[in-house]
Amino acid sequence: GAGSPSLAQMRELSDRVWTFYAARLLSPALAGLLAPFALLDELERSPDAAERLPPPVRVLNAQGSSPYVLLCEHASRFIPAQLEGLGLGPEDLSRHIAWDIGAAEVAEALSRVLDAPLVMAGYSRLLIDLNRPIDSATSIPEMSETTVIPGNLDISAEERARRVML
């Protein structure tokens, strides 16, 4: 319909998305040259980090022959240890509020069947929801369903910026 992107525009966008994520995942040395990734690299090298952070995204079947790129924005419930589960217990972090349960498995199966590249988020949507504009107040939810997210209440601009960089 009117205003809908053409197949060529969708291909160009998917190529740009792939180039961005491929550079991050396949060439970690490049991250040091790219200012947006400097904070993530600092966190990864931090001596007080309780764990090594996973990549912000995982790309599967990158060379797939499909003209489409699949995205799975809520594939993970991972929250770095230094954020202490955002004040939530393991029961809450296992619920739908933290991730789309089973979405990663469905997306991986679709990627295989369609022979399509798949980009999956590596962090919980409670840290920052990839389905929201970055500057939206709802991108870092203070409440999800009926659950208050203590670690997201009254966060500083610095913390918001750090989460965007994850």
Side-chain angles (χ1 to χ4, degrees), residues 17-18 20-28 31-32 34 36-62 64 68-114 116-166:
V17 167
W18 167 242
F20 173 80
Y21 288 123
R24 177 65 180 115
L25 292 173
L26 302 178
S27 181
L34 300 174
F37 296 114
L39 184 56
L40 180 60
D41 290 340
E42 181 182 322
L43 286 171
E44 288 175 340
R45 289 191 303 269
S46 164
D48 61 344
E51 61 196 293
R52 181 134 177 92
L53 297 174
V57 296
R58 287 179 43 220
V59 177
L60 303 177
N61 196 18
Y68 303 103
V69 174
L70 304 176
L71 303 175
C72 190
E73 301 93 335
H74 299 154
S76 175
R77 61 183 174 156
F78 179 79
I79 296 174
Q82 64 266 31
L83 294 177
E84 299 175 345
L86 300 174
L88 299 171
E91 314 80 36
D92 284 327
L93 295 174
S94 295
R95 294 178 36 224
H96 176 257
I97 65 170
W99 62 324
D100 283 344
I101 300 165
E105 292 80 6
V106 170
E108 289 175 20
L110 281 171
S111 175
R112 284 190 301 274
V113 168
L114 299 172
L118 169 61
V119 179
M120 297 192 320
Y123 291 81
S124 172
R125 65 169 147 213
L126 294 176
L127 290 174
I128 188 156
D129 192 327
L130 300 177
N131 283 335
R132 306 284 184 272
I134 289 173
D135 59 353
S136 168
T138 63
S139 67
I140 299 177
E142 293 183 353
M143 179 173 282
S144 184
E145 296 176 3
T146 60
T147 304
V148 173
I149 315 302
N152 288 349
L153 298 175
D154 300 318
I155 65 169
S156 67
E158 181 181 271
E159 174 61 13
R160 179 173 282 281
R162 188 172 75 88
R163 298 229 194 138
V164 167
M165 299 316 300
L166 286 175

Would you check if the side chain of [X] reaches a backbone N or O of [Y] as a donor-acceptor pair within less than 3.5 Å?
X    : Y    : result
S124 : A98  : yes
Y123 : P80  : no
N152 : L126 : yes

When rounded to the nearest 0.5 angstrom, what is the spacing between [atom1] in [X] and [atom2] in [Y]?
X    : Y    : atom1 : atom2 : result
R77  : L93  : CZ    : CG    : 7.5 Å
R163 : I134 : CZ    : CD1   : 13.5 Å
I140 : L153 : CD1   : CG    : 11.5 Å
S144 : L86  : OG    : CG    : 11.0 Å

With a 4.5 Å heavy-atom cut-off, do D129 and T138 have their side chains touching?
->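 SC-SC contact between D129 and T138 ruled out.
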Inter- and intrachain pairs under salt bridge (charged side-chain N to carboxylate O under 4.0 Å, His left out), touching residues 137-157, at least two apart =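 For residues 137-157, and leaving out neighbouring residues, the salt bridge (charged side-chain N to carboxylate O under 4.0 Å, His left out) pairs sorted by first residue read R95-E145.
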Please assess H96 against R125 for the test side-chain contact (heavy atoms from CB on, under 4.5 Å), listing each intermediate value before the final yes or no.
-> CA-CA 10 Å; H96 176 257; R125 65 169 147 213; 3.1 Å; yes
N131 vs E73, side-chain contact (heavy atoms from CB on, under 4.5 Å): CA-CA, chis, key distance, verdict | CA-CA 7 Å; N131 283 335; E73 301 93 335; 3.3 Å; yes
Taking side-chain contact (heavy atoms from CB on, under 4.5 Å) as the test, write out the residues that go with S156, two or more places apart.
->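 Once residues adjacent in sequence are excluded, the partners of S156 under the side-chain contact (heavy atoms from CB on, under 4.5 Å) criterion are E158, E159.
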Looking only at heavy atoms, which two atoms of I97 and D92 are closest? And how far apart?
->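 Closest pair (atom of I97, atom of D92, distance): CG1-O, 3.5 Å.
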For the pair S76 and M120, evaluate side-chain contact (heavy atoms from CB on, under 4.5 Å) and give the outcome as yes or no after the intermediate values.
-> CA-CA 8 Å; S76 175; M120 297 192 320; over 6 Å; no
Candidate pair L88 and I79, rule side-chain contact (heavy atoms from CB on, under 4.5 Å), full reasoning = CA-CA 11 Å; L88 299 171; I79 296 174; 5.9 Å; no
What pairs of donor and acceptor atoms, side-chain ones from residues 104-111 against any protein atom, are under 3.5 angstrom apart with sequence neighbours left out?
unit_1 : atom_1 : unit_2 : atom_2 : d
S111   : OG     : A116   : O      : 2.5

Exceeds 12 heavy-atom contacts within 6.0 angstrom, atom CD1 of I101 |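 Check passes, neighbour count above 12.
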Donor-acceptor pair between S139 and R160 side chains, under 3.5 angstrom |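 Yes, side-chain donor-acceptor contact under 3.5 Å.
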